K.L.:
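I'd like to ask some things about the structure below.
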2 protein chains.
Amino acid sequence: MSRPLRADAQRNRARVLQVAAETFAKEGLSVPVHEIARRAGVGTGTVSRHFPTKESLFEAVLLERMAQLVRTASERAGDDEPGEAFFGFFSRMVEEGAANKGLVDALAGAGYDFHATAADPSHDVMGAWGRLLRRGQDAGAIRADVDMADVKALLAGCLDRERDALDPAARARMLAIVRRGLGA
Amino acid sequence: MSRPLRADAQRNRARVLQVAAETFAKEGLSVPVHEIARRAGVGTGTVSRHFPTKESLFEAVLLERMAQLVRTASERAGDDEPGEAFFGFFSRMVEEGAANKGLVDALAGAGYDFHATAADPSHDVMGAWGRLLRRGQDAGAIRADVDMADVKALLAGCLDRERDALDPAARARMLAIVRRGLGA
DNA sequence: TAAAATACGGGACGACCGTCCCGGTTAATC
DNA sequence: GATTAACCGGGACGGTCGTCCCGTATTTTA
């Protein structure tokens, strides 16, 4: 066991984490670590001590969100309408991506792998979502032959649609297309 | 007007273009220009003289393919089944992307813009494809509210599905989903 | 075949970025 | 309030990559 962090270290860590979350969400993963340090008002060394690599920083940012999304998915797991549960969560993920460019980059880019967080069940979004998919398929609401890789690709497509500018009408249209496309 | 290129310059230019096409297709746009020069057996200066920037090199590579795809689309423009014409070309584009990682990178990444080639009608793939879309919509075979940005996003999704490994079954499944999703 | 124009090769340069390190500082402990 | 351990800041380092330049080589022209 290690001793608790010193008070200033705790403050800085939290501050970096928050700034990183906001920055990655707004501008994507291409933002330099130096820039995040600058915005957080700390030195680059402080960032890299708490988060040895850029990937570990982003992973830490993602973990909180992931846990929340897994809870959302789990809540829908007992829904009366399995199809609605699945598509509702799909819609939720599109919203999440629209508000988080970093997530989109991680999903699209070959660089970062946000499946790395799946080791812990409480962060395994794809696993939780996969259960919704299975239920929907068992209930006959979703094509039986699709898998989560297909779903992930369709999500990537929906997010790609709004890369340049957020467009509620286009989002609704894409969701309608996916919904019909995936229907049994 | 400028005088014709010297014979050796013509040879080198063609050689670079061919090597670049193969390399970008196989490995994507992240391949360094130095590497393309090396594989073509020329110096980096020779590449950058013919193609001042990496983007201009890729654009030159793309132009040939684009012209061919536009012809393919135009051939389908008079098809008896407007819906089939559109979806057939969609399928054609998915195949193209599967065989050309550079194209996928250009489509997905914010870096390169392959719409830049659209200035010349004979290279305007989206324009030609858009005419197929319109005909399909007028014929009642495709949802009336979708636009080419939606189509492009769905294409990106289909290509995303095969990023890690080519999978004919998954490709057919994705196409079926898109086909149903876009149906009127 | 000699002179002039053109092109070649590949090293150099500059920009960017992630990571590491060290002299100085601050918080915890007694 | 002094000692010690932990932490901070930000410059330095190493790597990558695109672009440019210049001494040399080759082709074209007369």
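These numbers were taken from a predicted model, which means no experiment stands behind them.
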K.L.:
Rounded to whole Å, please give me the gap between CZ in Arg6(B) and P in dA4(C).
P.N.:
16 Å
K.L.:
Taking the side chain as every heavy atom from C-beta outward, state whether Gln137(B) and Val146(B) have any atom pair closer than 4.5 Å.
P.N.:
yes
K.L.:
Contacts to DNA chain D from residues 31-41 of chain B, heavy-atom cutoff under 4.0 Å, which residues?
P.N.:
Pro32(B), Val33(B), His34(B)
K.L.:
Using a heavy-atom distance cut-off of less than 4.0 Å, which residues of residues 43-53 of chain B contact DNA chain C?
P.N.:
Gly43(B), Thr44(B), Gly45(B), Thr46(B), Arg49(B), His50(B)
K.L.:
Whole angstrom is fine here: how far is it from CZ in Phe58(B) over to P in dC17(D)?
P.N.:
18 Å
K.L.:
Listed by chain and number, what are the ring-ring contact (aromatic ring centres under 6.0 Å, His included) partners of Phe90(B), not counting sequence neighbours?
P.N.:
Trp129(B)
K.L.:
Would you give the length of the straight line joining atom CG of Asp160(A) to atom CG of Leu107(A), rounded to the nearest 0.5 angstrom?
P.N.:
11.0 Å
K.L.:
If we only count heavy atoms from C-beta on, is the Arg161(A) to Asp167(A) side-chain gap below 4.5 Å?
P.N.:
yes
K.L.:
Per the ring-ring contact (aromatic ring centres under 6.0 Å, His included) rule, what does the pair list look like for residues 21-44 of chain A, sequence neighbours excluded?
P.N.:
Phe24(A)-Phe58(A)
K.L.:
Any pair with a residue in residues 7-33 of chain B that passes salt bridge (Lys or Arg N to Asp or Glu O under 4.0 Å), sequence neighbours left out, goes on the list, sorted by first then second residue, please.
P.N.:
Arg6(B)-Asp8(B), Glu27(B)-Arg39(B)
K.L.:
From CG of Leu5(A) over to P of dA6(D), roughly how many Å is that when rounded to an integer?
P.N.:
11 Å
K.L.:
Tell me, which of residues 7-19 of chain A have any heavy atom that sits under 4.0 Å from an atom in DNA chain D?
P.N.:
Asp8(A), Ala9(A), Asn12(A)
K.L.:
Would you say CZ of Arg180(B) has more than 12 non-hydrogen atoms from neighbouring residues, nucleotides or ligands within 6.0 angstrom?
P.N.:
yes
K.L.:
Under a 3.5 Å cutoff, is there a donor and acceptor pairing between the side chains of Gln68(B) and Arg71(B)?
P.N.:
no
K.L.:
Take a 6.0 Å sphere around CD of Glu64(A) and say whether it holds more than 12 heavy atoms from other residues, nucleotides or ligands.
P.N.:
no
